Every structure is written in C-alpha cells, then in structure tokens.
Trainee: 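I'd like to ask you about the structure that follows.
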Amino acid sequence: MNTRTRIVVLLVAVLVLSGVAVGSVLRAADQASRKDQQQSTGPRVTAGHVALAGAASVRQPRLVFRSTLWGPHRDEVVSVPASDPSGPRTASGLRCLRFYTAAGTGSCLRAVPGAMAGHYEALVLDSRLRARRHVPLVGSPTRTRVSPSGRMVAWTVFVSGESYTGLNFSTRTSILDTRTGKLQPNLENYQVIKDGRPYRSPDINFWGVTFADDGHFYATLATRGTAYLVRGDIAKRTVTALRSNVECPSLSPDGTRLAFKKRLPGLPADAPWRLHVLDLRSMRDHPLAERRSADDQAVWLDDHTVAYALPGDFETDAWAVPADGTGHPRRLMPAAQAPSAVR
C-alpha cells in the first residue's frame, strides 16, 4: 500500500468515525428531547402547590415522591391523594434525583442547576419546599432518609461505582442535624464494633441509613465482601454490627421491623436480592411475596405495607406488597420512586 492509498484509507476512517460520533450525539439529543415532551400515556401532571406536612389546605393523606414520567415535569417532586396513587399528579417545580420527606422536612439530592455534569448537591427543605440548606456532594446520589421527627437527614452517594450488585464500590454517607446545623460528613469516621470488639478495615463502606430516632439509626456496613446490618449511635459516633446479609434497611413506623434486600444463593449476579422483613426482637426474617430482585431501599406506607421501585417504562414504577409475607405484589403507581406518606 503506497502513501497515497494510506492517506485515502485514513481519511475514510476519520469520516466514518466522525459520522458515528455525530449520529450518537443526535440520537442522545433526540432522546433527551423526547424525555421532555408530554406523553400520551401515564398520569396527568399539572403544576401546583405541594406541601410536606398537613395543613388546612390538605384535607386527605397524600403521597409525595419523585415522578419519573417523561414530560415537562420529569424528575419533579409531585403529590397524589393516597387514595388514588395512579391518579393526576400535582407537580412542585422542584427536580430531584432522590427524594424523601418526614414530619415536614424534605431531602432532595439533585444535579446542581446550571453546573457541568457530575456536580450534585443535597437540599434540606422546609414544609413548603423552600431550601434551608445546600450541601455539595462528592459523588452521584443514591439514598436519602429523614428521621421521624424531621430533625436529622442522611444521604449516601457513590464515590466510585454505580451499582450495589457487587460490593466492589465506594460510597460516602453523611448525617446532618438540621437543628444545630452540624454535619457529620462521613460515617467511616465512626468506631465500628463487630463481634463485641473494635473493628478496623480500609475497605469499610456505609449506605442505606434509616433512623430509629434523632440519636440512633440502622444502616448497611460492607467490608471484606460481606454486608452487615449495624445500629448507630450519633452522639457516641459508634456503629455496632448486628447480623450479616442485610442491605438497605428501612424501619417500620412502629419501630419493630426492618424491610431490607437480602442476597440469596443461586440468583443471577446482576439480580441477587429478594425483599425480606426482619423482626428486631427475635432477629428472624421472612421473605415478602415479591419474587423479583429489587435494587432499592424500600419504604413503609404504613405498618402493614412495604413499597419499592422496579424498572418500568419511564425508569421506575412503584410497587407495594404486604409486610407479613402474604398476598401478592401490586403496582402502586407508574413512573414513581420512593413515595412518602404525608398526613
């Protein structure tokens, strides 16, 4: 092959690669555009007032959550009557990648508006969705919770890795006291008690905080290939390992049980979990009726019902199942994530 032929081949290769790149960009832009267009399917969504606590204008219990339905209100915090979860949605105008609320306090993990991709922040919200505090995040949002009183807020981000499927990733979990403004930026600074003795390892990760009260919480600790349920003491800055194979715990409203995802042998590596409920008195668990793998931190709609996310036409759908292991899963609402009950 002479020099002229080589140059022609090189130019053709450059043109082909350029065409592929341009095509990929155009397809991505087209998909992004379609995600912002009103959809002919799914619930109707209209702008309006969303409150995170009961008020004179709130006459009935509601569910507040992040809507994943494509359209102009995609990723906004929305509300629906608890009696009609799949009905019309009221959109707040606030966009979040993760959201949770309790007792009039909201936690919104979001991309920083106007910033370059990969910049995130945590917003602590009051009952009218006004930001009380902005906290920069060091990774991509994955979990958030608020204590039952609304005082304490926790969140977890991926520092590296984007999946809980394996345990080869790095997270950072923080806890904020909204009353004092004190931020504990990394639970890895806590002392770990395992098997009755202090435990140290460079590979420790925490995620999935769920608050028992303003001073104590449960969470997942992973180390050396095993995930443990731990109970944390915020004042003492300690966590104590209780048992293994518990991930993303979620405490029931009555404080007696934890819903969690459990790895079972023989399941596919990319879908290894089944939802279980753990009785904290006996430390015995039972499976729920959902047989699909749910990579989510479940939420309790009440003392008898657990909700969780599964893949849907628009990212995720919210499903619900009885907490006692009976019954059958039911789709609670489409294009929804982590509903919180507001009364």
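Everything numeric in this text was worked out from a predicted model, so none of it was measured.
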Trainee: I would like to know whether Arg44 and Asp84 meet salt bridge (Lys or Arg N to Asp or Glu O under 4.0 Å); could you show each step before the answer?
Mentor: CA-CA 13 Å; Arg44 179 170 57 87; Asp84 187 18; over 6 Å; no
Trainee: For residues Asp214 and Ser147, is any side-chain donor paired with an opposing acceptor at under 3.5 Å?
Mentor: yes
Trainee: With side chain to side chain contact (heavy atoms under 4.5 Å, CB included) as the test, would you mind laying out the steps for Ser67 and Arg74 before giving the verdict?
Mentor: CA-CA 6 Å; Ser67 175; Arg74 176 171 56 97; over 6 Å; no
Trainee: Is there a side chain to side chain contact (heavy atoms under 4.5 Å, CB included) between Thr173 and Val209? Walk through the geometry before answering.
Mentor: CA-CA 8 Å; Thr173 296; Val209 166; 3.7 Å; yes
Trainee: Treat each ILVMFWY residue as a node, draw an edge where side-chain heavy atoms are under 4.5 Å apart, and state whether Leu280 and Ile193 are in one component.
Mentor: no
Trainee: Can you tell whether the side chains of Glu247 and Lys262 come within less than 4.0 Å, N to carboxylate O?
Mentor: no
Trainee: Ring centres under 6.0 Å, that's the criterion: do Phe158 and Tyr164 meet it?
Mentor: yes
Trainee: Should the pair Asp177-Arg151 be classified as a salt bridge under the 4.0 Å nitrogen-to-oxygen rule?
Mentor: yes
Trainee: When clusters are formed by joining ILVMFWY residues with side-chain heavy atoms under 4.5 Å apart, either directly or through shared neighbours, do Leu167 and Ile204 land in the same one?
Mentor: no
Trainee: In the structure I gave you, are the side-chain heavy atoms of Asp279 and Asp285 within less than 4.5 Å of one another anywhere?
Mentor: no
Trainee: Would you say Leu278 ends up clustered with Tyr228 if hydrophobic residues are merged whenever their side chains have heavy atoms under 4.5 Å apart, either directly or through other cluster members?
Mentor: no
Trainee: Please report the shortest heavy-atom distance between Leu69 and Val45, naming the atom on each side.
Mentor: CD2-CG2, 3.9 Å
Trainee: Might you confirm whether atom CE of Met116 has over 12 heavy atoms from other residues, nucleotides or ligands at distances under 6.0 Å?
Mentor: no
Trainee: Supply the atom-to-atom distance Leu242 CG to Arg231 CZ, rounded to the nearest 0.5 angstrom.
Mentor: 8.0 Å
Trainee: Within 45° of the ring axis of Tyr100 and under 6.0 Å from its six-membered ring centre, is that where the NZ or CZ of Arg145 lies?
Mentor: yes
Trainee: Kindly work out whether a path of hydrophobic side-chain contacts (I/L/V/M/F/W/Y, heavy atoms less than 4.5 Å apart) joins Leu251 to Leu301.
Mentor: no
Trainee: Does the Lys NZ or Arg CZ of Arg172 fall within the cation-pi geometry relative to Trp207 - under 6.0 Å from the ring centre and within 45° of the axis?
Mentor: no
Trainee: Assess the residue pair Arg274 and Glu290 against the criterion (salt bridge (Lys or Arg N to Asp or Glu O under 4.0 Å)); give the C-alpha distance rounded to whole Å, side-chain angles, the decisive distance to 0.1 Å, and a yes or no.
Mentor: CA-CA 7 Å; Arg274 291 292 184 269; Glu290 177 57 75; over 6 Å; no
Trainee: Centroid separation under 6.0 Å, is that true for the rings of Phe314 and Trp70?
Mentor: yes
Trainee: To the nearest 0.5 angstrom, please state how far the OH atom of Tyr308 sits from the CG atom of Asp296.
Mentor: 10.0 Å
Trainee: Sub-3.5 Å donor-acceptor pair from the side chain of Ser293 to the main-chain atoms of Trp273, do we have one?
Mentor: yes
Trainee: Which heavy atom of Ala323 sits nearest a heavy atom of His286, and at what distance?
Mentor: O-NE2, 2.9 Å
Trainee: For the residue pair Arg133 and Leu176, establish whether any side-chain heavy-atom pair is separated by less than 4.5 Å.
Mentor: yes
Trainee: Run the side-chain hydrogen bond (donor to acceptor under 3.5 Å, both in side chains) test on Tyr199 and Thr223 for me, step by step, so that the C-alpha distance in whole Å, both residues' side-chain angles and the decisive distance to 0.1 Å come before the verdict.
Mentor: CA-CA 10 Å; Tyr199 175 84; Thr223 179; 2.8 Å; yes
Trainee: If you compare all heavy atoms of Tyr218 against all heavy atoms of Ala212, which two are closest, and at what distance to 0.1 Å?
Mentor: CE1-CB, 4.2 Å
Trainee: When you check the gap from the basic side-chain N to the acidic O, do Arg200 and Glu188 get nearer than 4.0 Å?
Mentor: no
Trainee: Show, in sequence, the C-alpha distance, side-chain angles and deciding distance for Val192 and Leu221, and conclude whether the side chain to side chain contact (heavy atoms under 4.5 Å, CB included) test is met.
Mentor: CA-CA 9 Å; Val192 177; Leu221 177 154; 3.7 Å; yes
Trainee: For the residue pair Val80 and Thr90, establish whether any side-chain heavy-atom pair is separated by less than 4.5 Å.
Mentor: no
Trainee: Is it the case that atom CZ in Arg243 sees more than 12 heavy atoms from other parts of the structure closer than 6.0 Å?
Mentor: yes
Trainee: What closest approach, in Å, do Pro148 and Ala103 show between heavy atoms, and which atom pair accounts for it?
Mentor: O-CB, 3.3 Å
Trainee: Indicate yes or no: does Asp126 engage Arg132 in a salt bridge with an N to O separation below 4.0 Å.
Mentor: no
Trainee: Any idea how Phe217 and Phe211 line up, ring-wise: parallel (<30°), tilted (30 to 60°), or perpendicular (>60°)?
Mentor: perpendicular
Trainee: Going by distance alone, is a donor N or O of one side chain under 3.5 Å from an acceptor N or O of the other, for Arg89 and Ser79?
Mentor: no
Trainee: Give, for atom NE2 of His304 and atom CG of Asp254, the distance between the pair rounded to the nearest 0.5 Å.
Mentor: 8.5 Å
Trainee: Side chains of Phe260 and Val246, heavy atoms from C-beta outward: is any pair under 4.5 Å?
Mentor: yes
Trainee: Can you tell me how far the NE2 atom of His216 sits from the CE atom of Met152, to the nearest 0.5 Å?
Mentor: 11.0 Å
Trainee: Given salt bridge (Lys or Arg N to Asp or Glu O under 4.0 Å), test Lys261 with Asp295 step by step and report yes or no.
Mentor: CA-CA 8 Å; Lys261 58 183 191 181; Asp295 183 8; 2.5 Å; yes
Trainee: Hydrophobic clusters here meaning ILVMFWY residues chained together by side-chain heavy-atom distances under 4.5 Å, can you tell me if Val146 and Leu97 are in one?
Mentor: yes
Trainee: Under 6.0 Å between ring centres: does that hold for Tyr120 and Trp155?
Mentor: no
Trainee: For the pair Leu94 and Cys108, evaluate side chain to side chain contact (heavy atoms under 4.5 Å, CB included) and give the outcome as yes or no after the intermediate values.
Mentor: CA-CA 9 Å; Leu94 175 68; Cys108 168; 4.3 Å; yes
Trainee: Side chains of Ser140 and Val157: does their closest heavy-atom pair fall under 4.5 Å?
Mentor: no
Trainee: Any chance the side chains of Tyr190 and Arg237 put a donor and an acceptor closer than 3.5 Å?
Mentor: no
Trainee: Find the distance between CG (Leu129) and NE2 (His49) and round it off to the nearest 0.5 Å.
Mentor: 8.0 Å
Trainee: Would a 4.5 Å heavy-atom cut-off, applied to side chains only, mark Ile175 and Val153 as touching?
Mentor: no
Trainee: Does His328, at its NE2 atom, have more than 12 non-hydrogen atoms belonging to other residues, nucleotides or ligands within less than 6.0 Å?
Mentor: no
Trainee: Which atom names give the shortest non-hydrogen contact between Leu63 and Ala341, and what distance separates them?
Mentor: CD2-CA, 4.0 Å
Trainee: Within a strict 4.5 Å, meaning less than it, do heavy atoms of the Pro85 and Pro339 side chains meet?
Mentor: no
Trainee: How far does CG of Leu125 sit from OG1 of Thr105, to the nearest 0.5 angstrom?
Mentor: 8.5 Å
Trainee: Of all the heavy-atom pairs spanning Asn205 and Ser170, show the shortest one and how long it is.
Mentor: OD1-CA, 3.6 Å
Trainee: Heavy-atom distance under 4.5 Å between the side chains of Thr165 and Pro272, does that happen here?
Mentor: yes
